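The block underneath contains the structure these notes are about, expressed in structure tokens.
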Amino acid sequence: TSRSVTAKGYVIGTTAPSFTEPTPTQLNGFAYGVGNGPSNFKSFTFSGSDLIDTVKISLTTTTYEISLSPNSGYVSNITGPLKIVPVNGVVPTTTVYARLKAGLTASNTSYLSKKVTISSTGATSVIDTLNGIVFTPTVTASPTSLSGFTYSAGAGPSASQSFTVGGSNLTTDLTVTAPAGFGLSLTAGGTYTSPLTIPQTAGTVNSTTVYVVMLSGLSANNYSGNIDISSTGAVSQVVAVNGVVTAPVATPTLTIPTPTRLTGFTYGVGNGPSRVQSFSFSGQDLTDTVKISITTANFEISLDQVNYVSNTTGPLKIVPANGLVPVTNVYARLKAGLNASGTNYQSKKVTISSTGAT
């Protein structure tokens with residue numbers, strides 16, 4: 001009975017299988033921020049000669065992955081190793097690409113001194129070392145609240161206030177977003193808008209001043225919210241803002257008397273007082289008592305034609321109701337008992353006044 005036997009052997013020459021030392025022997029600087037990844041790839045080269053078996057390129061860690069192509073074909077120690085079949089015992093100079101895997105947790109130490117091992121039967125294995133970190137992007141803001149933004153409806157914007165922002169280990173630019181009713185600018189006199197983008201350089205945003213206003217055109221009300229400062233992978237920071245748009249403050253107003261001049265007060269010596277004449281006025285948005293004063297002792301005034309006062313017994317007073325004095329008549333007459341004169345009783349004044357009003 002015939003049986004077959006499979007045999008395998010090697011013809012060994014005078015030179016042992018060998019690898020060149022990887023170039024470089026250490027790859028550093030693999031890095032990305034939490035929530036991102038994978039890192040950028042880095043590479044080393046090696047070659048082999050007088051090889052008698054398949055070359056295996058293996059990882060000693062699950063946190064890195066390797067490939068023979070820069071943009072595809074990456075394997076880890078779970079899905080690898082990479083394999084190269086020598087041709088006539090030779091592996092020419094070959095580039096191996098490595099990168100830090102995506103989805104890793106932040107650490108400055110967990111991804112150091114990891115190894116890529118190149119091996120083949122009969123050859124002394126060579127090793128390349130990988131070093132990297134996964135960092136936490138950080139965003140800062142100070143102070144964390146701004147208050148006191150204000151203006152009167154129909155005016156605006158408010159005066160500006162400011163805060164500073166910064167960032168480290170960033171993978172994207174800072175975005176600063178204001179709530180409704182507020183605007184942002186990088187200069188106090190600039191155009192206020194939202195959002196703002198603050199570029200990062202090599203992962204860093206140095207301390208930068210951001211100016212804030214409560215925008216013009218708002219109706220009377222309270223306004224508040226949070227300015228959000230964010231960058232991918234970083235914990236967002238907020239600056240609370242609040243302000244108020246007040247109702248317009250009306251100016252106290254007194255109308256011009258009608259008429260503005262009363263003439264013809266007269267009587268004969270030993271008689272008097274003269275006949276009564278009157279003028280009218282009104283007021284609105286008043287905040288204080290209205291005083292009606294006369295500048296002479298020769299005339300007297302009244303609000304009811306019964307109770308008359310002069311400059312020594314006055315003034316007449318009216319208390320506004322809800323800031324309003326309706327159209328009001330003021331009565332005037334030349335006092336009794338005066339001496340005869342054609343000039344002493346001319347150009348005498350009645351003054352109407354209230355705090356804040358002309």
Side-chain angles (χ1 to χ4, degrees), residues 148-160 213-223 243-358:
F149 296 95
T150 186
Y151 63 84
S152 179
S158 69
S160 66
V213 297
M214 189 165 60
L215 297 171
S216 59
L218 300 177
S219 58
N221 208 337
N222 293 321
Y223 295 88
V244 59
V245 177
T246 60
V249 178
T251 301
T253 303
L254 293 167
T255 60
I256 296 174
T258 304
T260 59
R261 187 180 188 88
L262 299 176
T263 62
F265 295 98
T266 183
Y267 65 85
V269 171
N271 294 290
S274 70
R275 69 182 179 90
V276 173
Q277 298 186 60
S278 68
F279 64 87
S280 64
F281 80 97
S282 63
Q284 61 185 11
D285 301 310
L286 300 170
T287 60
D288 201 0
T289 299
V290 175
K291 297 178 181 179
I292 308 169
S293 306
I294 193 164
T295 61
T296 175
N298 297 325
F299 283 82
E300 53 192 1
I301 54 177
S302 173
L303 293 174
D304 57 10
Q305 301 188 71
V306 175
N307 300 295
Y308 283 88
V309 300
S310 67
N311 67 339
T312 59
T313 56
L316 300 173
K317 295 181 179 180
I318 302 175
V319 177
N322 297 319
L324 181 67
V325 170
V327 175
T328 300
N329 289 323
V330 179
Y331 302 93
R333 67 187 184 185
L334 194 59
K335 287 177 66 175
L338 299 176
N339 296 323
S341 175
T343 58
N344 288 343
Y345 316 120
Q346 306 297 313
S347 300
K348 305 306 179 183
K349 309 295 183 186
V350 177
T351 301
I352 307 164
S353 62
S354 182
T355 302
T358 300

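Predicted model only: the values in this text are computed from it and were never measured. Hydrogens, waters and symmetry mates are skipped; everything else that's a heavy atom, side chains included, is used.
Looking at every heavy atom in both residues, P320 comes nearest to G323 through CB-C, 3.8 Å. Smallest separation of non-hydrogen atoms from P259 and S278: CD-O, 3.8 Å. Minimum heavy-atom separation, S158 to F149: OG-CD2, 3.4 Å. Residues P157 and S216 share a closest heavy-atom pair of N-CB, 3.5 Å. Here the closest heavy-atom approach between residue T289 and residue S354 is recorded as O-OG, 3.4 Å. Closest of all the heavy-atom pairs between V269 and N339 is CG2-C, 4.4 Å.
Note that CG of L254 and OG1 of T351 are 11.5 Å apart. Values are rounded to the nearest 0.5 Å. For the atom pair L334 CG and K348 NZ, the distance stands at 10.5 Å (nearest 0.5 Å). Distance check: I352 CD1 to S293 OG gives 9.5 Å after rounding to the nearest 0.5 Å.
Judged as a side-chain contact (heavy atoms from CB on, under 4.5 Å), and not counting sequence neighbours, the contacts of P248 are S152, A153.
Counting only heavy atoms from C-beta outward, the side chains of V327 and S280 approach each other to under 4.5 Å.
No more than 12 heavy-atom neighbours from other residues, nucleotides or ligands sit within 6.0 angstrom of NZ on K291.
For residues 268-277, there are no salt bridge (Lys or Arg N to Asp or Glu O under 4.0 Å) pairs, not counting sequence neighbours. Among residue pairs with one or both ends in residues 248-291, those qualifying as ring-ring contact (aromatic ring centres under 6.0 Å, His included) are F265-F299; sequence neighbours excluded. Sorted by first and then second residue, the pairs that involve residues 306-331 and meet side-chain hydrogen bond (donor to acceptor under 3.5 Å, both in side chains), not counting sequence neighbours, are D304-N307, S310-T312. Listed by first and then second residue, the side-chain hydrogen bond (donor to acceptor under 3.5 Å, both in side chains) pairs that reach into residues 245-255 are T255-S282, sequence neighbours excluded. A salt bridge (Lys or Arg N to Asp or Glu O under 4.0 Å) check over residues 332-346, counting only residues at least two apart or in different chains, returns the pairs E300-R333.
Between the side chain of N344 and the main chain of S341, no donor-acceptor pair closer than 3.5 Å is present. Listed for the T150 side chain is a donor-acceptor partner under 3.5 Å among the backbone atoms of V244. The backbone N or O of K349 lies less than 3.5 Å from a partner atom in the side chain of T295, making a donor-acceptor pair.
Tested against V290, the residues I318, V319, T355, L316 include a single side chain to side chain contact (heavy atoms under 4.5 Å, CB included) partner, I318.
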Run the side-chain contact (heavy atoms from CB on, under 4.5 Å) test on L303 and I292 for me, step by step, so that the C-alpha distance in whole Å, both residues' side-chain angles and the decisive distance to 0.1 Å come before the verdict. CA-CA 10 Å; L303 293 174; I292 308 169; 4.0 Å; yes

